[in-house]
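For reference, the structure discussed in these notes is given below.
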Amino acid sequence: MIRLKVLFIFLAFYSAAYAQKNLIPQPQQMLLAPEKLDLSNGVWIKNTDQSLRAEYKLLDHLFASWNINKVKNSSKKRITTVSLHILPSLAGKEEVYNLLINANEIRITAKSAKGIFYGIQTLRQFDIENKKIQLASIHDEPAFSWRAFLIDVGRNYQPLEMIKEQIDIMSKYKLNVLHFHFTEDIAWRLESEKYPGLTDAAVMTRWKGKYYSKQDFKELIKYCQERHITFLPEIDMPGHSAAFMRFFGVDMQSDSGMVYIKELLTEFRTNFPELDLIHIGGDEVKITNKNFMPEITRHVEQLGFKKTFGWDPGSNLEPQTIRQMWMGGPKLIEKKGDKVYIESKHLYINHMDPLETVTTLFHRKIGEIDKEHKNLIGATLCSWPDRAVAKPEDMFLHSAIYPAILTFAERIWRGGGRPGWVSNIVPANDPDYADFVAFESRLLAHNTQYFENMPFPYTSQLGLKWELIGPFANEGDVHRSFQVEQNPYDVSIKVDQIVEGGTVILKHWFGNIIHSAIQNPEPNTTWYARTKIWSDKSGEQPFWIDFNNLSRSYLTDSPELDTWDYKGSQAYLNGKRINPPTWQQPGQKGESEVPLIDEGYAYRKPTMLYLKKGWNEVLLKLPVAAFRGRTWDNPAKWMFTFILLENEKIKN
């Protein structure tokens with residue numbers, strides 16, 4: 001015990017200078033030393049707990065990936081002992097773990113097998129140089145016990161291997177619930193032995209004939225269990241059920257509809273008795289039968305499901321049903337009453353641009369509290385690919401799914417965040433700025449190390465600073481020019497403010513509930529953004545440029561030819577207009593069944609611009625007329641993305 005205290009004092013002294021920089025999520029408490037443990041002579045994994053066979057196997061794979069030999073015992077000198085210990089009396093949550101790396105051993109202790117698993121995931125992220133690993137002592141546990149990711153396969157089918165890949169990523173970053181949304185207006189995607197026609201191609205309107213067999217589901221459930229992930233199936237009812245209605249010919253809330261859905265639920269329970277939880281939906285529907293949800297809740301509880309989940313706002317949920325919040329602004333969830341909540345408000349990836357995703361999720365404060373209490377147990381990050389995609393892989397570029405998972409994993413594990421919702425990088429003098437800088441560095445390191453040949457639409461935004469100039473009244477004429485265009489760097493021009501980032505939200509299309517760059521935006525105004533970009537040599541360089549990314553507004557119209565958007569936005573480099581892409585679907589009216597092709601910067605070829613050696617001047621024209629879009633699902637987005645993909649050349 002004395003030796004351990006001495007080690008902690010020693011580690012505490014050196015922790016600041018020798019930090020293991022790239023862990024995601026970063027542990028709650030971490031002490032590190034400059035010395036390293038030499039693993040070159042091999043490791044002896046002490047297999048002493050048969051309940052941890054899967055975890056010992058995981059260790060075998062880990063050390064093999066590090067090219068570290070596994071030996072049968074530690075009789076030889078300088079052999080490192082690796083041990084796992086479950087200590088039920090360990091203080092903390094079920095998933096708490098301790099990771100110790102000292103001069104002789106690597107030891108993980110935890111309250112449960114889940115904690116052991118998470119300790120191994122943290123160990124996996126340690127840097128190994130010349131078969132040496134840094135000494136460390138980590139005590140870690142999640143701020144929230146519910147850390148979920150929602151996959152919507154009802155709208156767009158995903159192959160089993162693609163789902164498994166996402167489960168693997170979830171497990172490596174300590175997310176512990178897969179919310180699986182497989183029934184929709186578009187399709188019911190689980191086979192039914194009682195009603196096989198429910199998954200017939202004729203009943204589906206998209207990805208016709210694509211569904212999951214009972215064996216597929218069992219395979220996914222087992223795959224999750226092996227990674228300590230809870231599988232939460234969602235059978236959305238009584239809304240989002242047009243596919244059900246097309247097959248049965250009745251509304252789900254009708255008497256006959258109630259009979260059919262109960263039969264399907266009974267069959268589901270019979271086929272998957274290993275499941276304890278079920279999500280029963282309840283959102284975006286007019287309740288015509290007030291007895292529907294209470295009766296369905298009683299039915300699934302009688303079938304043996306221990307917990308039900310439902311959307312809030314939604315239908316008339318029973319008090320014991322856990323509520324998943326999805327609408328409304330930031331609101332403090334107080335420790336009050338008996339109802340239990342999960343946060344999903346402003347956690348929809350499809351509502352965010354790829355670069356915006358990381359900024360927003362990093363600063364997000366779950367339920368406006370630092371850590372869970374009895375009424376708020378966590379949050380679910382949601383991926384809703386509303387619009388049809390040409391191929392499943394497109395979903396990972398239309399939305400920044402993997403950058404989002406990593407950023408959400410950091411926030412939901414560590415807790416904290418800042419009150420309110422933000423869309424842009426906070427100012428450099430803000431206390432949270434340094435934390436974002438450090439996190440982005442870790443995120444980019446993980447992209448390089450773990451996501452090779454995988455879609456990861458994110459690039460560093462730091463150091464790119466924009467001077468915003470305005471407002472200028474355009475009286476509804478978005479093409480109107482102002483003097484700043486003639487000489488953008490005239491010293492007499494007044495700069496309103498400076499913002500940083502590759503994507504800057506001037507006014508969020510969600511409204512004022514999300515803090516954006518312009519505090520009191522007015523319609524019929526034009527703003528300008530200017531910056532200078534340094535290049536060490538002359539030549540073409542790749543840029544992401546956009547003014548109205550369509551990835552998350554499924555009915556947004558595509559731009560006309562020779563335009564960037566419908567607002568009249570323009571971009572200039574060294575005084576010359578930057579031509580928009582030659583759109584493949586110019587002027588295409590927003591349609592759910594028309595896949596996006598090149599409308600977003602993350603899924604089209606970068607714009608190649610010629611940079612001269614030295615400083616290059618960039619001017620963006622950012623007009624807006626009305627803030628209201630053509631329809632509610634075709635909103636006016638006042639924002640821009642402009643960033644050089646080779647960020648080491650940005651020297652603002």
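Position 1 is the first residue of the sequence, and the numbers go up from there.
- Side-chain contact, Gln158 with Gln166: a donor N or O sits under 3.5 Å from an acceptor N or O.
- Within the 4.5 Å cutoff, no side-chain heavy atoms of Phe362 are placed close to those of Leu443.
- Taking both residues in full, the closest heavy atoms of Gly304 and Arg269 are given as O-NH2, 3.2 Å, listed atom of the first, atom of the second, then distance.
- Using modelled atom types and a 3.5 Å distance limit, the side chains of Glu95 and His228 yield no donor-acceptor pair.
- There is a side-chain donor-acceptor pair under 3.5 Å between Trp207 and Asn156.
- Side-chain contact check for Asp216 and Ser213: at least one donor-acceptor pair (N or O, by modelled atom type) lies under 3.5 Å.
- Between Phe268 and Phe182, the ring planes lie parallel to each other; the angle is under 30°, not in the 30° to 60° tilted range.
- Taking the charged nitrogens against the carboxylate oxygens, Lys222 and Glu274 have no contact shorter than 4.0 Å, which rules out a salt bridge.
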key: Candidate pair Arg411 and Phe439, rule side-chain contact (heavy atoms from CB on, under 4.5 Å), full reasoning   = CA-CA 10 Å; Arg411 178 53 61 213; Phe439 174 75; over 6 Å; no
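- Note: Tyr118 and Trp413 have perpendicular aromatic rings, judged against thresholds of 30 and 60 degrees for the angle between ring planes.
- Residues Tyr195 and Glu263 have side chains that bring a donor and an acceptor to within less than 3.5 angstrom of each other.
- Proximity of Met352 to Leu361: side-chain heavy atoms (C-beta onward) are separated by under 4.5 Å at one or more points.
- The side chain to side chain contact (heavy atoms under 4.5 Å, CB included) test with Thr230 is passed by exactly one of Ile221, Asn176, Val177: Val177.
- Using modelled atom types and a 3.5 Å distance limit, the side chains of Glu295 and Asn289 yield no donor-acceptor pair.
- At least one side-chain heavy atom of Tyr402 sits less than 4.5 Å from a side-chain heavy atom of Glu165.
- Counting heavy atoms from C-beta on, the side chains of Met325 and Leu376 come closer than 4.5 Å.
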Could you check Tyr173 against His446 for ring pair (Phe, Tyr, Trp, His ring centres under 6.0 Å), going step by step and ending with a plain yes or no? CA-CA 11 Å; Tyr173 294 95; His446 278 244; 5.5 Å; yes
**Request:** Take Lys374 and Val340, measure what side-chain contact (heavy atoms from CB on, under 4.5 Å) needs, and give me the verdict at the end.
**Result:** CA-CA 7 Å; Lys374 71 183 184 72; Val340 178; over 6 Å; no
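- Under 3.5 Å, the side chains of Thr308 and Glu301 contain no donor-acceptor pair of N or O atoms.
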Requested in this report: Check the pair Phe247, Tyr260 against ring pair (Phe, Tyr, Trp, His ring centres under 6.0 Å), reporting the backbone distance first and the verdict last.
Outcome: CA-CA 11 Å; Phe247 175 70; Tyr260 292 133; 8.1 Å; no
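- Comment: Lys637 does not engage Glu356 in a salt bridge, judged by the lack of any side-chain N to carboxylate O separation of less than 4.0 angstrom.
- Inspection of the Gln324 and Trp146 side chains reveals no N or O donor paired with an N or O acceptor under 3.5 Å.
- A salt bridge links Arg155 with Asp386; the closest basic N to acidic carboxylate O contact falls under 4.0 Å.
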